[in-house]
Amino acid sequence: MSSSAVPRADGRGRADGTGFVLGVDVGNSKTLVVAADRDGRVVGVASGPGVASGLGDLDAMLDPLLDLAERASGARSGFDAACLAIAGIDLPAQEEAMSQRAADAGLADRLSVLNDTFALLRTVPGDRGDGVAVVAGAGINCVGVRGDVHVRYHAMGVVSGDWGGGGDLGRQALALACRAEDGRGAQTLLAQRVPQHFGLDRPLQVTEEIMFGRLSEHRLVELARVALETAAAGDAVAQTLIGRVAAEVVTFIETTRRRLDWHDGLGPLPVLLGGGLLQSGNEFLLESIREPYADGDRATISVATVPPVIGSLLLAYDLLDGDAPDAARLAAQVAGALAAS
């Protein structure tokens, strides 16, 4: 597993991670590991590609994470606290299985394993991350926290009722472009922009390239950005499609609010949006999500500015006695370390 790392300032390795706190964020495309001391000073950062997660070979998933921990800190076990926030870990059974593997490896005295959306939520300013986080990247997921009450979803895609990630959006953009070409659907700029993205002339050529194995269907996630840009250009078909994504996000927010029993007496519900789609800066999408909450009474909608690995690090600090460091200060240190690498 290739990675880049920021060496420790003192240049020395360690036999174990005593005195260090570890935050791990495993996404679909990349993994980021940050080690810091008990006072909130970042001592190392290591990055690598994403790691396949789920109920497969957990040892094969854990070993690369331990390698990155060692690159970041000089140690692969014995940390005071660690949090592994992993995309695709959506069920308690998955968390328990991975926690057992990490405990067997002696990773940390205090350990937490959870879905990466919880790490994003922990970056919400306030009382340790109460509120709702929605992530729309390749897929879509949502979690909610109110004290000891946690709300989560299976997030297995269409089989568990989920729609709205980049993969879903890309496939639907191609479908709409194809329907425009063969006459079953309304005319749309997607009919030109979708094939152009792959250097082709017509939407149905894209399907032919997939059929004959010359184009991976996984690349359709790239069309999510095409759909966003086409909606921003005023195309009605693309705007309807992006509006559907926004509606799914709002449905997540409202359902999670109800399941948390977040009544009006608690004030506006803090909502944090993350992931490639929601952090794309596309104002058509963001305004469509914010519109139902324009009065600010029911919810405050924010877009994440702090990387999820900071939330993972904060969750690790939460396992210890005392207050966690400031998120913005940690983020600035991590950004500086990555820039120097």
Side-chain angles (χ1 to χ4, degrees), residues 1-7 22-36 42-54 56-58 60-73 76 82-90 94 98 102 107 112-123 133-141 143 155 157 165-167 169-170 216 218-222 224-225 272-281 303-316 327 330-341:
M1 182 176 187
S2 62
S3 63
S4 60
V6 180
L22 193 71
V24 177
D25 176 54
V26 182
N28 292 310
S29 60
K30 67 178 180 180
T31 296
L32 193 60
V33 174
V34 178
V42 172
V43 297
V45 178
S47 63
V51 176
S53 56
D57 189 342
L58 297 181
M61 188 197 321
L62 180 61
D63 286 344
L65 301 184
L66 299 180
D67 291 342
L68 288 176
E70 187 172 22
R71 290 177 63 86
S73 67
R76 56 193 293 121
C83 175
L84 309 183
I86 305 175
I89 294 286
D90 296 302
Q94 294 171 302
M98 190 61 173
L107 178 61
S112 176
V113 176
L114 36 67
N115 182 267
D116 61 336
T117 311
F118 282 107
L120 175 69
L121 181 57
R122 181 60 181 86
T123 67
V134 183
V135 174
I140 191 167
N141 198 3
V143 299
L169 184 53
S216 170
H218 293 298
R219 289 194 60 193
L220 294 182
V221 69
E222 298 170 20
R225 186 167 294 276
L272 189 63
L273 308 178
L277 286 183
L278 300 179
Q279 291 179 268
S280 66
V303 178
T305 58
V306 175
V309 73
I310 301 302
S312 183
L313 196 57
L314 291 172
L315 286 166
L330 288 173
Q333 293 181 75
V334 170
L338 290 173
S341 64

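A heavy-atom distance below 4.5 Å is found between the side chains of L66 and L107. For the pair V33/L22, a side-chain contact is recorded, criterion being any heavy-atom separation below 4.5 Å from C-beta on. Between V334 and L313, every side-chain heavy-atom pair lies at or beyond the 4.5 Å cut-off. Inter-residue side-chain proximity for V26 and M61 is flagged as unmet; no heavy-atom pair is nearer than 4.5 Å.
A donor-acceptor pair under 3.5 Å is absent between the side-chain atoms of S312 and the main chain of V309, judged by distance alone. A donor-acceptor contact shorter than 3.5 Å is absent between the side chain of N115 and the backbone of A87.
Atom CG in D116 sits 8.5 Å away from atom CG in D90 (nearest 0.5 Å). Here CG of D67 is found 11.5 Å from OG1 of T31. Values are rounded to the nearest 0.5 Å. Rounding to the nearest 0.5 angstrom, the gap separating the OG atom in S112 from the CG atom in L84 is 8.0 Å. Note that CG of D25 and OG of S47 are 11.5 Å apart. Values are rounded to the nearest 0.5 Å. Atom OG1 of T305 is separated from atom CD of Q279 by 8.5 Å, given to the nearest 0.5 angstrom. In this structure, CZ in R76 is found 6.5 Å from CG in D63, a value given to the nearest 0.5 Å.
Shortest non-hydrogen contact noted between R122 and G311 is CG-O, 3.6 Å. Between V306 and T123, the shortest heavy-atom contact is CG1-CG2, 4.1 Å. Counting all heavy atoms, side chain and backbone alike, A119 lies closest to A85 at CB-CB, 3.7 Å. The two residues A224 and L277 have their closest heavy-atom pair at CB-CD2, 3.8 Å. Considering every non-hydrogen atom in both M98 and L65, the closest pair reads CE-CD1, 4.2 Å. Shown here for A133 and T117, the closest heavy-atom pair between the two residues is O-CG2, 3.7 Å.
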(message) Under the criterion side-chain contact (heavy atoms from CB on, under 4.5 Å), I'd like the reasoning laid out for L32 against V45: C-alpha separation, chi angles, the key distance, then a yes or no.
(response) CA-CA 7 Å; L32 193 60; V45 178; 3.7 Å; yes
(request) Starting from the C-alpha separation in whole Å, work towards a yes-or-no answer on side-chain contact (heavy atoms from CB on, under 4.5 Å) for L114 and L315. (result) CA-CA 10 Å; L114 36 67; L315 286 166; 4.1 Å; yes
